[in-house]
Amino acid sequence: MTSWPPSGSEGAPAGAYDLLHPGVQKWVYEKGWRRLRDAQEKATGPILAGDTDVIVAAATAGGKTEAAWLPICSALLAEDDRHGQRTRGVRALYLSPLKALINDQHQRLEDLCAGLGVPVHPWHGDVAAAHKSRALTDPDGVLLITPESVEALFVNRGSQVAKLFGNLRYIVVDEMHSFLGTERGAQLQSLLHRIELAIRRRVPRVGLSATLGDFTAAAEFLRPGAGARVEIVQSAEAGTQISLQVKGYTFTAPDPALGRSSRRGDQNAAAIAAHLFGTLRGANNLVFANSRRDVETYTDLLNRLCADAGVPQEFVPHHGGLSKELREQVESRLKANSAPVTAVCTSTLEMGVDIGAVASVAQIGAPAGVAALRQRLGRSGRRDGSDAVLRVYVSEPEPTGHATPADRLRTELFHTCAVIEMLLGGRYELPDPGSPHLSTLVQQILSVAAQHGGVAARQLHGALCAHGPFTTVDQATFAELLRTMGQHELLMQDADGRLLPGSRGEELINHYGFFTAFHTRAEFRLVAGGETIGSMPVDPSIMAGSLLVFAGRRWKVLNVEDRQRVIELTAAAGGQAPRFLGGGGPEVTDAVRQAMRGLYLSEDVPRYLDRAARRLFQEGRDAFHQQGHAESRIFTWGGETLIYPWRGDRIMTTLTILLAGQGLEVAATGPALTVQSRTPDRIHDVLQQLAAMPHPDPLELARAAADKRHDKYDEYLSQDLLDRAYAARALDVPGAWESLLEIAR
DNA sequence: GACCTGCTGCGGCGTG
């Protein structure tokens, strides 16, 4: 890198540094950076040119943020130089999936931008209204914002959007992987498109992520219809070394004759908590549990161990049900790095927030997915070049007389290993391109109608579908959607045929919950000593006298105020973590289930297993072969027939509907399909007949499915549209036929 | 037995 001020570098090939604005060069120089990181070196040219969309893919802590902002700030300053004055209006828009990430980025960007005279404005639900109205009166610089807050701008200040973004030069989408293939992602695409429509100009988009599985799909997401022209910048720098261990635990499976028992969880949790306590104390760590309830349970167990040992409590919970104050306390304790603290958390601490040096990461139970596990791992080993340390805790039942053949397969462990193998091979989940995201389209139609105070149907289709992100929605489908929205009084037509929000539509738009594309549930506020400590979903089993574990403490319920939705608590001695009911778990992808089968069939034993896990792994593999899974996929046990397709949840759902259509009583349980009281031969015949049939229309299968409502505005879809949304989201007919042929063979 | 994310306007009240 050349020095600053520039001196005698003439003749040297122009590196990225030489392309940056002198003001930005000065900042880099004063930081003492000896050279730019690979991602920064490669991204500067394309971003600075300002005529192309760019994806920057680099490992966590690979310098992605600066890779985007060094050239963006350079381009803005160069524009000012050309005009001889500072350009007004928002000139760069940064979109983040998390408020906490915006706060974090605000601090980092201020450091760069303050000296350059580029103001930076955070904008989300926790930002004071006064700040927002100030930014609106005289907009300038960089705006850091959530998709929901952009939605609110369109709905509440539709006429100001064109002026606000009139001089926009760049759009940055951070943690882009978290938007791919989701309702929220479709909302984001629509909002970006609507900004460009409002200012009648295309604005270069910069997407950032460390965990993209497929650059073609990611590029198509960033610029729908023109993904092929998106520039991909991939850092060649290797990520941190990973130090990885899977720890196995066993527990005695409850006797099925005695009914369901909760002892299973208790026994595991106590043993795992004891190991966590012994290993993690004295340093900063993150422990990821798979549910809020588990977060509370483990925090409580760990702090009881602290109390028994007479040492300070250093385990704190962090999840979405805790109040903003409590979460921020945990985040600042992690950042401050003064006294050791371990956060037990859900995915809330998975992304972005730079929480400083974390010695290790623990994961309890099979990880939700490959990208999620990579993000969690990326929280450790960020600063000093030390290894990222990950321990995964897996529990399996001890085989006794009561153990089922399925118990002996050790599927939790093989699931975990399959995800880890995919992580080590960089095989992240692929976004699903086929979903029409009709629920989000309902929201966007209402939002556009509110933005303009009425709109013609043809314009609406042009804006959102024909030239917008909902390209798979044709005119006929769109017309049906408008009709069903009319029937539900979401829309009405005025004398000129323009569409306006109807009475129900007005209600939706005028409630602040409108801005999210995802579901939100009714919740009770938990209050202790006059302070709100968090919230939990309405649960009828909670009443005065109930005992609760929440926010890492133990409480008794004093009072439940149904009308105001408030639960009053007082400190108490015992209790259980509340159930945060609702939502299913994450989808298990086809790639993971196929990788599980690959692990059973292989002869290699992963090196990252501890002794107990290795024994469980070997037992699982032995059971797989003894039970005949290598040769067959149909088995009988206890009057039921079990089918093991070893395929993803969508294929399992599709097979379930197909078999139910043949008059069989069938349910998907984990990796197996359970069919009631039939002989395997009979089922084999049915499967063979199905395999020989032509593929059915997915819509026909969807019609037969129950429980199809899934996304926020699905309740306003006609039966036919709901079937289409479900078919695209939940079914995989070609995959199911591949699987049928495999099983019937 | 199973994640998470996010959110406005306005009235009422206290303080400088």
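Remember, predicted model here, so these are calculated numbers, not experimental data. Letters A, B, ... mirror the listed sequences (proteins, then strands); counts begin at 1.
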Treating primed atoms plus P, OP1 and OP2 as sugar-phosphate and everything else as base, which nucleotides of nucleotides 9-16 of chain B get B, S or - for protein heavy atoms under 4.0 Å? S-------
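- For the 3.5 Å distance criterion, the side chains of A:R391 and A:Q363 fail to qualify, holding no donor opposite an acceptor.
- With rounding to whole Å, A:M176 atom CE is found 18 Å from B:dT5 atom C1'.
- We find the CG-OH distance between A:L276 and A:Y393 to be 4.0 Å, quoted to the nearest 0.5 Å.
- Nucleic acid contact class of A:T520 (heavy atoms, under 4.0 Å, all strands): base.
- Between B:dT5 and A:T348, no contact under 4.0 Å exists linking OP1 or OP2 to a side-chain N or O.
- Under the side chain to side chain donor-acceptor pair (under 3.5 Å) criterion, A:T440 pairs with A:E183, not counting sequence neighbours.
- Comparing A:N290 and A:K99 by the nucleotide of DNA chain B that holds the closest heavy atom to each, the one mapping nearer the 5' end is A:N290.
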Using a 3.5 Å cut-off and no angle test, enumerate the donor-acceptor pairs between side-chain atoms of residues 410-419 of chain A and protein atoms at least two apart in sequence or in another chain.
unit_1: A:R410; atom_1: NE; unit_2: A:E619; atom_2: OE1; d: 3.3
unit_1: A:R410; atom_1: NH1; unit_2: A:P397; atom_2: O; d: 2.4
unit_1: A:R410; atom_1: NH2; unit_2: A:P397; atom_2: O; d: 3.2
unit_1: A:R410; atom_1: NH2; unit_2: A:E619; atom_2: OE1; d: 2.7
unit_1: A:E412; atom_1: OE2; unit_2: A:A366; atom_2: N; d: 3.1
unit_1: A:T416; atom_1: OG1; unit_2: A:E412; atom_2: O; d: 2.9

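- If you check residues 507-519 of chain A against DNA chain B, the residues with a heavy atom closer than 4.0 Å are A:Y512, A:G513, A:F515, A:T516, A:F518, listed by number.
- Proximity note for A:R184 (side chain, C-beta onward) versus B:dT8, B:dG6, B:dC3: the nearest is B:dG6.
- Here A:K324 lies out of heavy-atom contact (under 4.0 Å) with every strand.
- The cationic group of A:R194 lies under 6.0 Å from the six-membered ring centre of A:F154 and within 45° of the ring axis, placing it in a cation-pi geometry.
- By the side chain to side chain contact (heavy atoms under 4.5 Å, CB included) test, A:H124 pairs with A:K99, A:I102, A:N103, A:D126, A:V127, A:T146, A:S149, sequence neighbours left out.
- Partners of A:T346 by side chain to side chain contact (heavy atoms under 4.5 Å, CB included), not counting sequence neighbours, listed by chain and number: A:R292, A:V295, A:H319, A:T348.
- Between the CG atom of A:L301 and the CD1 atom of A:I272 there is a distance of 10.0 Å, given to the nearest 0.5 Å.
- Residue A:T182 places no side-chain N or O under 4.0 Å from the OP1 or OP2 atom of B:dC4.
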